[in-house]
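Let me begin by presenting the structure, written as structure tokens, before commenting on it.
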Amino acid sequence: MPFSSLSDIQNRLNSGKTTAVEVATLYLERIAAFNDELNAFVHIDPAHVLAQAEASDKYRSEHEARPLEGLPIAVKDIFCTQDGPTQCCSNILKDFHAPYDAHVITKLKEAGAVLVGKTNMDEFAMGSSNETSAFGPCRNPWDTDCIPGGSSGGSAAAVAAALTPAALGTDTGGSIRQPAAVTGITGLKPTYGRVSRRGIIAFASSLDQAGPMARSVKDAAMITAAISGHDSADATSVADAPNIDWLAACEAQNMKGLRIGRPKEYFVDGMDAEVRASVEAALKKCEELGATIVDISLPNTEHAVAAYYVIAPSEASANLSRYDSVRFGHRCEEPDDLLDMYTRSRDEGFGSEVKRRILTGAFALSSGYYDAYYLKAQQVRTLVQQDFIQAFEQVDVIATPTSPIPAFKLGEKTDDPLTMYLSDIFTIAVNLAGLPGLSQPCGFANNLPVGLQWIGPAWREDAILSAAAAYEGATDWSMKAPAAFGGES
Amino acid sequence: MDIDVKKVAMLSRIRLTDEEAAEFGPQLSNILGYVEQLAAVNTEGVAPTAHPHDAAMPLRANIVTNSNRRDELQTPAPKTESGLYVVPKVIE
């Protein structure tokens, strides 16, 4: 049961074999047993979880079940919730209680989900290893000496160790897909503008997007169906986004006629040999399932990381200026004057990586440098996007490795920020272009999970869900779970 | 590239200790040095991306959409008085 998919649990609830309270109790027990070892959750209120589960069972007894009725879903500490603290794993938001729910939280509640708690993350989602969290690092259930990826590392570890059947993450440069890959689960970053950003603590507003982390492709689709849709309170939420049939897309059994692009820039020297071999084997499997593999080129890929590390810090430095210790957030003791209050509160509240990115962004936006950095990066971004538009004239979907390497050891890359940034080379371009991307398990390297990334045209989540569902149905990688936490590896 | 870290920190309203400034200086130079590869990309005539899907900024009717929630919204503030935010004295 603990490693069941969300849709299996839903079937058992629907047939009366179990109740939402039983399901919630099971996962609460697992959290109590394993969270100290993993540090996946940073806030949990068991009484409140059980109260939601009881309310769901009551609702089910009186009405038709809602789409996520009684299903436990954890959320990253970046989502504002009226219940419990929302701290973005930063000392500057220590003990902050949001006065409203994020739009996606409202949507999950309306769909009948049971919100399990807040998961660990890199501070303000700035990191690829969950090591910048003010609440300490989270660990990978496959090897607790290794990182769970980031920034949604807590959500990934919690799902991989079955402390919850599913979770929400956010993805600015790979923060759903990379942790999903290195913990052996499935994660979907929807098309930019598909899911409202209202009430999600902002990092880089033109890149941020929320999405599911789950045990199967269908589970990811179920959750995205529930949280997506236009929100007039988010100016970047797209009003006329094409609708797709999320669940029908997951019924694909084969890949007959599917044209899969294999971009040469994503199979490069320096990537882990076993990662490469796993992804090559996955593509071979896709051919057996009827797909055609087409060699393509995305020539501006090599500039994507550089453009990202101008755009994301620039937007972050603007977004994080709101932490002025006036309306909310940490304020230093006994400030001498207003300037002292700002500078000392922000010094005390932000961790090193957040400061580094604010400073990088402030520099790139400062007088005399804007054109050379920010404007140039936004032009390169357009070129990255055009690469994809041209590629999708030849192919239906693109398949790549999610991360060039499997999970690395805690502390291995903390001394050199640039090396850490380069671990996102295969995920960042998708955010720059605003496209949907999905990572699913496709093998192991050095006994650690490897992720296969699917990239689709804008608004065509159905295309990548279908490809991923067909691959999942033909292999058993998604069934693997870490033995140390009771799974079958 | 040499960066005046203390100046950028002041623009960002972050106090840095000498130790932090010494650590961040080379790191920022390293990051910006990497980013400088962008200069070599030909972007002549390329429009900068604003919204990935070129969506226009929507307008809404200019009407009140929320109720007065001052007390709830001020609850997280470090210091308030009579519905106002309290900060150190600005004008002598």
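Within every chain, numbering begins at 1; the chains are lettered A, B, ... in the order of the sequence lines, protein sequences first and strands thereafter.
Contacts between A:L339 and chain B at a heavy-atom distance below 4.5 Å involve the side chain alone, from C-beta outward. Proximity to chain A is absent for every atom of B:T75, based on heavy atoms less than 4.5 angstrom apart. If you measure heavy-atom distances from A:A239 to chain B, you find no contacts under 4.5 Å at all. In this structure, the portions of A:V380 lying under 4.5 Å from any heavy atom of chain B include both its backbone and its side chain. Both the backbone and the side chain of B:V41 have a heavy atom closer than 4.5 Å to some heavy atom of chain A. Only the side chain of B:L11 has a heavy atom closer than 4.5 Å to any heavy atom of chain A. Of the two parts of A:F96, only the side chain, counted from C-beta on, holds a non-hydrogen atom closer than 4.5 Å to a non-hydrogen atom of chain B. For B:Q27, the part sitting under 4.5 Å from any heavy atom of chain A is the side chain, from C-beta outward, and nothing else. With a threshold of 4.5 angstrom between heavy atoms, A:A433 approaches chain B through N, CA, C or O but not through any side-chain atom. For chain B, no part of A:Y308 is nearby; none of its heavy atoms comes within less than 4.5 Å. Contacts between A:L422 and chain B at a heavy-atom distance below 4.5 Å involve the side chain alone, from C-beta outward. The parts of B:R13 that come within reach of chain A are both its backbone and its side chain, each placing non-hydrogen atoms under 4.5 angstrom from that chain. With a 4.5 Å cut-off on non-hydrogen atoms, A:Q82 touches chain B through its side chain but not through its backbone. The part of B:N42 that comes within reach of chain A is its backbone (N, CA, C, O), which places non-hydrogen atoms under 4.5 angstrom from that chain.
Counted by atom type alone, A:R197 and A:T236 present one or more donor-acceptor pairs between their side chains at under 3.5 Å. A donor-acceptor pair shorter than 3.5 Å can be found between the side chains of B:T43 and A:Q379. When only modelled atom types and interatomic distance are considered, A:E123 and A:S90 share a side-chain donor-acceptor pair under 3.5 Å.
In terms of heavy atoms, A:G434 sits closest to A:T191 at O-CG2, 3.4 Å. Contact record, A:L359 with B:S12: CD1-OG, 3.8 Å, taken as the closest heavy-atom pair. The minimum heavy-atom distance linking A:D387 with A:L298 is given by the pair OD2-C, 3.3 Å. Listed here is the closest heavy atom pair of A:I428 and A:A304: CG2-O, 3.6 Å. Closest of all the heavy-atom pairs between A:G173 and A:D424 is O-CB, 4.0 Å. Here the shortest heavy-atom pairing between B:F24 and A:R356 reads CE2-NH1, 3.5 Å.
Counting heavy-atom pairs closer than 4.5 Å to chain B, the top-ranked of the candidates A:Q386, A:H97, A:Q385 is A:Q385. Per-residue heavy-atom pair counts under 4.5 Å with chain B were compared for A:G361, A:S345, A:S325, and the maximum is reached by A:S325. When each of A:F328, A:Y192, A:F350 is checked for heavy-atom pairs under 4.5 Å with chain B, A:Y192 comes out on top. Chain B forms the most heavy-atom pairs under 4.5 Å with one residue out of A:S321, A:A307, A:A233, A:S317, and that residue is A:A307. Taking chain B as the reference chain and counting heavy-atom pairs below 4.5 Å, the highest number among A:M341, A:R346, A:H330 is found for A:R346. Ranked by heavy-atom pairs shorter than 4.5 Å toward chain A, the options B:K79, B:E72, B:E23, B:H53 are led by B:H53. Of the residues considered (B:A47, B:A50, B:A77, B:P52), B:P52 shows the highest number of contacts with chain A, using heavy-atom pairs under 4.5 Å. Ranking A:E302, A:E348, A:R344, A:R381 against chain B, the residue ahead of the rest is A:R381, based on heavy-atom pairs under 4.5 Å.
The aromatic rings of A:F392 and A:F388 sit parallel, their planes meeting at an angle under 30°, below the 60° perpendicular limit.
Only one option out of A:R357, A:M126, A:E315 pairs with A:L320 in a side chain to side chain contact (heavy atoms under 4.5 Å, CB included); it is A:M126.
Looking at residues two or more places apart in sequence or on another chain, you find a side-chain hydrogen bond (donor to acceptor under 3.5 Å, both in side chains) between A:T172 and A:D208.
Between A:K355 and A:D347 a salt bridge is recorded (basic side-chain N to carboxylate O distance below 4.0 Å).
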